[in-house]
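Proteins come first, then strands; the chains are lettered A, B, ... in the order of their sequence lines, and each starts at number 1. Source: prediction; values computed, not measured.
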Number of protein chains: 2
Amino acid sequence: MSDKPITIYDIAQNVNASPATVSRVLSNSEYPVSAKLSQKIKAVAKEMGYTPNMLGRQLKKNNTMSIGVIIPSISNPFYADVVLGIEEIARSNGYQVLLCNSHQNPDLEAEYLQTLLEKQVKGIILSSISRKKGWLAGYLAKGLNIISIDQKIDNRHVYQIEFDYRKGSALACRHLIEQGHKKIAFISAALDRPTRLNLYRGYQDALREAGLTPLKKEWIQLSKACENLNYDSAFEFNNGKQLTRNLLKMKDLPTAIITCNDLTAAGVINELNEQGLHVPGEVSVVGFDNIELSQMLTPALTTVDLPKYEMGRLACSKLMALLNGDDTNQKEVMLQPILIARNSVARLE
Amino acid sequence: MSDKPITIYDIAQNVNASPATVSRVLSNSEYPVSAKLSQKIKAVAKEMGYTPNMLGRQLKKNNTMSIGVIIPSISNPFYADVVLGIEEIARSNGYQVLLCNSHQNPDLEAEYLQTLLEKQVKGIILSSISRKKGWLAGYLAKGLNIISIDQKIDNRHVYQIEFDYRKGSALACRHLIEQGHKKIAFISAALDRPTRLNLYRGYQDALREAGLTPLKKEWIQLSKACENLNYDSAFEFNNGKQLTRNLLKMKDLPTAIITCNDLTAAGVINELNEQGLHVPGEVSVVGFDNIELSQMLTPALTTVDLPKYEMGRLACSKLMALLNGDDTNQKEVMLQPILIARNSVARLE
DNA sequence: ATGAAAGCGCTAACAG
DNA sequence: CTGTTAGCGCTTTCAT
């Protein structure tokens, strides 16, 4: 703030060397520089409190060593996990991560993408909530390196890391069936995304397998599509509560409930308790995602684990591979869920 | 990737104008440019798929319009809230936020600070976990704009936004006393930070006020100082469980427990339940922080709310003020906690 | 209203 | 081993 920032020219002058030499020393170049000079330059740089200006370097080298990540919400522990995985890999490759929250807003998402590109990131990892088709086409044509996670993007040039939601919810539903349940409700946010639709499909798959279909229509409770822009955990939670309230108006109640995520399951359990219904004694509940919350609930939540951290690691590894030019041609990887049986499901006789 | 990126020179050539004019149009400069030319330049820019290179602009203008934020962990919902507040203010002022997780690691913290400065951020918002005194002195001397949040930094030149932890835990403890409790335990992570120490002091304050001090030593359960570097919510949760287990070995049990945060309280309640103790029937529990989890627990957690979002907003507003030169001389602001009474505390007769 | 040219801080040929 | 120099993409005097 006070005075002009120090540059390599200042240092060069101070040690009677050329800026080139100073640059070579301070940027850890391979280029040979005599030991004494090197020492001296380093010493003086430290003494003068030199801080390199990366803008200069990056502009010159045309390489920012950074990648962008756009996710709907960092408040969602699900994404927090994914981001941790991304950062680990990025860091170990010397890359920096620029993180953006789209807040479930497609316009913000697009704006952030643009901003990141202007900042010259080398690639993007994106969990897109945009429903607009083909909005990425222009960028892709220009050679943008992009990895899509969780939410599928319908463009066959995009690398995708997905979870097998369909298999996951089938797993959950089958577990319930094995425990003797036949009346299984489905509580979820609106099926306005492929991931959620697949959740529904998996549920139906398991039901069909067991000859339990069709089920009462009222046992499928979905919230309205309008996604809250001030999205937070409480939103999902309250959703679970509200839909449970609706469900409990039926005369014929289910013995078990499948939910679209753990946060919703938490709401379901909470409402059930408030209405005097014991979990799992009277109603069993299974969650989805296996976020840390699920172990903290009472009863501990039976849920489906998604390898979130692994997704982050994979996405970033893939991106690193792309940037290094070792492009394998596998465009899609599908991560498998596993069932985590805890205490929110009762065995029915 | 494919071809060379497009610059204003390419556009200039294409429309038969000078780069200067193109720059003026595309950077929304005040400078007058004829309407037709302006139109044409914009059209061609879009057509050619031009993406401005901010490195060039920022280097020239010596202004990145970005600030850095360093927090211990984005997985902690507490900080997620703070960050949301920061981002809101930053965005509305046209600033970008560069977010870094120090993972409770002082070395990483220092490294990120350096990286951010090399990226030419205009200021830093920091929740420091470093115990080293004076490590910021050098930066401050060079005029670094820095706001410290939550954790206090012992340098009177640093702007600080804090919570009144001491008053907060006194609030919690007094609430318990008002409900008739006299045997009140304290379960917390190690008191190795001023914030946690203040928590303890507030607890003692309230006890003393009520003539309840000194209390049995065994009712104060603290975990070891070694902070897990793979810090996550489960760590706090398990801490709560472990310390509760220790506490329950006593013959004379407390009727209420105060905790250092909601995550720990969740662990306490969970362990209590597992040991067959009803909350709040047999033991009352109060949390701290009021993260969203606290409403989701059964029973809903009585806790102390900290205005986290507000802290983020304030910190960023302060930084913006500094950057604009409207430096008020108020260096410290202390945010006040409030008690949120829910269902985890019973009235004792 | 438009353009020529210098230069932000740094690196990388190229020359010595 | 060291230095000179051009220029990354952009903005901004200063001319015209």
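No donor-acceptor pair under 3.5 Å is formed between the side chain of B:Lys318 and the backbone N or O of B:Tyr159. In this structure, the side chain of A:Asn155 engages the main chain of A:His157 through a donor-acceptor pair within 3.5 Å. Between the A:Asn76 side chain and the A:Phe78 main chain, a donor and an acceptor come within less than 3.5 Å of each other. Remark: the backbone N or O of A:Val33 is not paired with any side-chain donor or acceptor of A:Ser38 at under 3.5 angstrom. No donor-acceptor pair closer than 3.5 Å links the side chain of B:Ser23 to the backbone N or O of B:Pro19.
In this entry the distance linking CG of B:Leu37 with P of C:dA1 reads 11 Å, nearest Å. One interatomic measurement links the two molecules: CD of B:Gln13 to P of C:dA4, which rounds to 12 Å at whole-angstrom precision. To the nearest angstrom, P of C:dG3 lies 14 Å from CD1 of B:Ile11. Rounding to whole angstrom units, CG of residue A:Asn62 and P of D:dC8 are separated by 11 Å. For B:Ile41 and C:dA1, the CD1 to P distance is 13 Å, given to the nearest whole Å. Taking atom CG of B:Asn63 as the reference point, atom P of D:dC10 lies 17 Å away to the nearest angstrom. Between the CE atom of A:Met54 and the P atom of C:dC10 there is a distance of 9 Å, given to the nearest Å. Protein atom CD of A:Glu118 is 13 Å distant from nucleotide atom C1' of D:dC10, rounded to whole Å.
Each of B:Leu55 and A:Ala17 has a nearest nucleotide on DNA chain D; the 5'-most of these lies closest to A:Ala17.
Between A:Glu109 and A:Lys132 no salt bridge is recorded (no basic side-chain N to carboxylate O distance below 4.0 Å).
Across C:dA4, D:dG9, D:dT4, the shortest atom-to-atom separation from the side chain of B:Ser18 is found for C:dA4.
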Quick tally for nucleotides 11-16 of chain D: nucleotides whose base has a protein heavy atom under 4.0 Å get B, sugar-phosphate-only ones S, the rest -, giving BBBBB-

